[in-house]
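Please read the structure below before turning to the comments.
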Amino acid sequence: MKTLQELIAAWDAGALSTEDAAELKQLLAQPEARTELVGEWLLDEAIYDTLRSQPSAAPVTSPAPALQPQRPSVRAATPRRHRFFPKLVWREARITIRWPFGFAVAAAFVVAGVWLYYQAAAVGQLQEVKARVVVERGAKTFAAQRGQLLYPGDLVKVPADGESTVAWQNEPTRLVLEPGAQLEVLSPIRGKRLWLRAGVLQAIVAPQPHWRPMSLLTPQARATVVGTRFILAATNGMTRLEVIEGAVRLAKTHLTAIDTLAEVTVRAGELAVAAPNMKLAVNAIRGKLTADTWAAPPGTPFVEATTRGTLANGNLLPATENRITRYRGFFTAPDSGEFTFWLATPSNHALAELHLSTDEDPAHKKKIADVTPSKTKGNSIGRQPGTPARPLLNFQEALNQKSLPQKLTAGQRYYFELWEEGVEGETAVVGWRLPNQPVNSKIVPMDQTCLSPSNQPAGAAGR
Amino acid sequence: MDLDRQQQMMTEFVAGRHSLFAFINGCVRNPHDSEDLFQEVWVRFSRALAEQVEIQDQAKWCRGTARNLILHYWRDRKSELPVADEELMDLVELAFTEQEASHDFWRARQAALSECVQELPERSQHLLRLKYEQGLSADAVAGEVRQSSGAVLMSLSRLRRALRDCAERKLKLQGLHA
């Protein structure tokens, strides 16, 4: 049987066999052996600790090294470690300095890369160009052409007789710049950002990522858009926003003492005005209806326009294209009683229909009047473009132009829908007779301030 | 745990570091790996203090942590250490726990041994450095000092005995006995 010293030496040399281990356990069952083991190991520790705390002297070599072959050192490459609790320090340093520093450098590279990408990439392009629209890029000014790519910093100027459309690839977002508009393209790094310096634009904005919404700046306000249709006008000292579909956040950039809100959310059928002398507030749009236009083959019944036609909202249709337009919204009765409505188109050449619901629900609507041109008088369908429309309105040419008396309640909103077919320029007119007016009183065009647009998208109000 | 208590426990850790390192180094038999494991115990102990972990017996807690780390170390090197098992570990841990009562004696012995090592001739100290500080095997030390392995083992054995005797002499002078 081996002694404890021999077993420890075997362990030290890595030569402890299974039998040796069993013997060692047997020995260590004795308290004396355990004390001896601790003594031996503490001796090792004392030697190690003393040597480590002393400066290393020059290595002692054998007297005749030149005569002996050099043997490679087994642990020559092993660095000597002199440390007392440095691992904690090193670990803390790694966490507090190296990692954040590495992340900061990596983040800086990513940000710089993204910034460079957005600076160099085209932001959008001019899809439609009428008259001499110019683009100012730095010190250069040149005439814009259809398909002109726009880069951050470009300023698009539309002349008084011109029009242009800014479009983006892979999405149906369109900005129609009306005559006199000036639009500067800003860096899109935080989403599409444009500065309407002056003029009016109509916008159809496809859904944008919530974290990168589209922003339209004016001298007085900033409109943040997630996806909608709206009209933004920047005129002298005032910005007016009308929302047709969706919602837009409008923030006033220069607040005055009268303001109680810095930002408002303008929803469909609402408008807001940002001006120095006006309190920022949201109001309902009056006198307007929401319009949906379909390009459809001539003779398409209104009921089939939504399925056979192509919804052309926001896109410019060729003048020769036959179109069906639906105006929809709400009629707010100004009085209680029986209302009578009449419908007419110029010379009653074009088809038109008037629908009214018993409440706000489009599902309860019913046709109350229509205009059906007779064959003898001809139909506006197929009329050559450029032919002047005869602005003759006759509300009593046919019986079906007049509605039955509609019993309505004052202040109540009723879903209201007007369909018409024809080329650009045709507009149906609605006349009315208020309750308690004589039967033989004159038919007058209805007060458009009783109308307000629908806040539903085009598909939601289908027939 | 208040700051005074934390400070006290840290002081105790520093005071008991020789015993803890001896425990780790005795099991691992490699000063560099032992340093790493020892530092890991210190890191865990510091973290436990920072996280307000209730530690009743600092020495036992640290030894228990070291024990687990050593077992992991052994498992990772199973091919190199075929005898690694928990039963042996338990006995070794018991041995160190039993010596806790003689803490003052071992501390005095450590101090005496340190003096003895410093009194050794430079050549002997170099031999000890190769073995204990650099952790070289007997064969590697033999290569360094250009002697046979047997001669190296013999020299190391004599040095250890001389150091032990030296320490005992010094302790006797101080009136201390194991």
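Per chain, numbering begins at 1; letters A, B, ... match sequence-line order. These numbers come from the heavy atoms of this one structure, side chains and all, not from hydrogens, waters or symmetry mates.
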(message) Can you tell me which portion of Leu43(A) sits under 4.5 Å from chain B's heavy atoms? Options are side chain, backbone, both or neither.
(response) both
(message) Once ring-ring contact (aromatic ring centres under 6.0 Å, His included) is applied, do any residues pair with Phe230(A), and if so which ones, sequence neighbours excluded?
(response) none
(request) May I ask you to check whether Thr3(A) and Gln5(A) show a side-chain donor-acceptor distance below 3.5 Å? (result) no
(request) Side chain from CB out, backbone as N, CA, C, O: work out which of these in Arg109(B) comes under 4.5 Å of a heavy atom of chain A, or both, or neither. (result) side chain
(request) First locate atom CZ of Arg63(B), then atom CD1 of Ile70(B), and finally report the distance between them rounded to the nearest 0.5 Å. (result) 10.5 Å
(message) Shorter than 4.5 Å, heavy atoms on both sides: which option in Arg160(B), Glu115(B), Arg164(B) has the most such pairs with chain A?
(response) Arg160(B)
(request) Quick one: which of Val141(B), Asp90(B), Leu91(B) has the most heavy-atom pairs under 4.5 Å with chain A, could you say? (result) Leu91(B)
(request) Under 4.5 Å heavy-atom distance to chain B, tell me which part of Glu36(A) shows up: side chain, backbone, both or neither. (result) neither
(message) Applying salt bridge (charged side-chain N to carboxylate O under 4.0 Å, His left out), can you list everything that pairs with Arg249(A), at least two apart in sequence or on another chain?
(response) Glu263(A)
(request) Could you give me the CA-CA distance, side-chain angles and deciding distance for Phe96(B) and Phe23(B), then say whether ring-ring contact (aromatic ring centres under 6.0 Å, His included) is met? (result) CA-CA 7 Å; Phe96(B) 275 84; Phe23(B) 171 67; 5.3 Å; yes
